[in-house]
Amino acid sequence: MRTVGYALVDRLVAHHITLSDQPVARRGTRHDFASLVDEDLPDAPRHLEECLEFFFQRVVPDLTLVNHPRFHGYIPCPSSFAGALGAMLAAGTNPFSGSWLGGSTICALELTVLRWIKQMLNYPLTSGGIFTSGGSLANLIGLAAARTRGGDTALTRGVIYISPEGHASLRKSAAVLGFPRHAIRSVPTNRDFQMDVDALQRAITRDRRDGRLPLAVAATAGTTNSGAIDPLTTLADICTREDIWFHVDAAYGGFAALSPRGKRLLQGLERADSLTLDPHKWLYCPMGIGCALIRDAKLLENTFSADGEYLADLPRDEINFLDRGPELSRPARVIAVWMVLRSVGRAGLAKQIDHDMQLAQLAADLLRANPQLQVNDPVLSIVTFGHRPKPHETEEDRAKRDMKLMEATLASGELMLSTTTLASRSVLRLVVMNHRTTAEEVQRSVSQIHQLTR
Ligand SMILES: Cc1ncc(COP(=O)(O)O)c(C=O)c1O
């Protein structure tokens, strides 16, 4: 165990410290990659060392490295060495965190770390929380609590207000929870891709007049497309006045509130009835760790509490996380979050998050030196940009040039961008969210973009 365990740590450290020199991603077909990793069902045992060797030889070299300092696509999941150690601790000790009886100290630790998160975001300490597999499941938990609050007619009369910039997992969650398609009201956005509050107010009034039940506003604090933050304080005021559940999906942007600049931008977040966060994004934790916070802890437990003869000996006056979400057996996700928060500290995380935002600004400034490109100011840490249209060029042809640039950056192995559509125009996205990303790495990414647009 020691020999192979040390070998694993050595390989992981080598992987971490050489990330910048590795290609960010490689494109390949199912056939290309299957030929690398596919084998017949093993019958005889193999040495653990040989399994390690296989993994590092065959799987790792072609991974898309979402923790690479020049991975700027989608919303990065950078993780960290501290987070990886936490995940190893969780897998190595394998605590059961579904019930108090199953793992009391681990449940106590989850409650402590949830309290730390509430303190960092100025969210009520009396709220109920749980670590989930990601933001998608946290959105599901938030909307499930809203459904409970809506009572018997929530599914038949309820309406959930989401802007087109809201994440797909909100709509998916509503479908899983049994809301029919017509329960989703798409509220348009303003020029800054934020939910249009006047349009929301009109929709609510219309729905009430039509005998519907305005159930929940699902706002976003940091949209995936552009980083836009819905006007949280105004939305909270509308929800209070109208007695509507206020859900905020802050999977991307939430932890930006640790930095003074982010805190100003995210004012109103603390008024959410349910809040989605993603420690596996801007809290540098390994993939598979989201977080749901619900202001009314009792309501959360009314939504998910489970019973069964086999659960009769659980201490019901303690917190059993099986009562706060859809899972019973669940990994001790808290350990990685605890490891990062304890080893880095709030102040260190705040500084790092602020640094990521500054580097996004640097990327925008450097991109602006390229006369071929039109660059938007970053929101949080997302820079959107694209080719300037040539005289008489159709939008379709211009968009093709953006796409070609995206493909060329990917093929270069130097960096990864992604694309999206904003106001019917395709744009490229460059996101900075990684403690390994330095000003030099940003310069390297942007020089490559300049070179490829020559
Ligand atoms: C705004 C937003 N909400 C929800 C999600 C879904 O989170 P997860 O992928 O952790 O399930 C994402 C993912 O990027 C996101 O950006």
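Side chains are part of it too, since the values below use all heavy atoms of this structure and drop only hydrogens, waters and symmetry mates. One-based numbering, in listed order, for ligands and for the atoms of each.
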Asks: Show me, by chain and number, every protein residue that has a heavy-atom distance under 4.0 Å to ligand 1.
Replies: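 Shell around ligand 1 (4.0 Å, heavy atoms): Ile75, Gly134, Gly135, Ser136, Asn139, His167, Ser169, Gly222, Thr224, Asp249, Ala251, Asp278, His280, Lys281.
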Asks: Within a 6.0 Å radius of atom NE2 on His31, are there more than 12 heavy atoms belonging to other residues, nucleotides or ligands?
Replies: no
Asks: For atom CZ of Arg241, decide whether the heavy atoms of other residues, nucleotides or ligands shown that lie under 6.0 angstrom number more than 12.
Replies: yes
Asks: Under 4.0 Å between a Lys/Arg side-chain N and an Asp/Glu carboxylate O for Arg436 and Glu441?
Replies: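 Glu441 and Arg436: not salt-bridged.
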Asks: When you check the gap from the basic side-chain N to the acidic O, do Asp32 and Arg27 get nearer than 4.0 Å?
Replies: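 Arg27 and Asp32: not salt-bridged.
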Asks: Indicate yes or no: does Arg330 engage Glu110 in a salt bridge with an N to O separation below 4.0 Å.
Replies: yes
Asks: In plain terms, say whether Arg368 and Asp377 are close enough for a salt bridge, that is, a side-chain N and a carboxylate O under 4.0 Å apart.
Replies: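 Yes.
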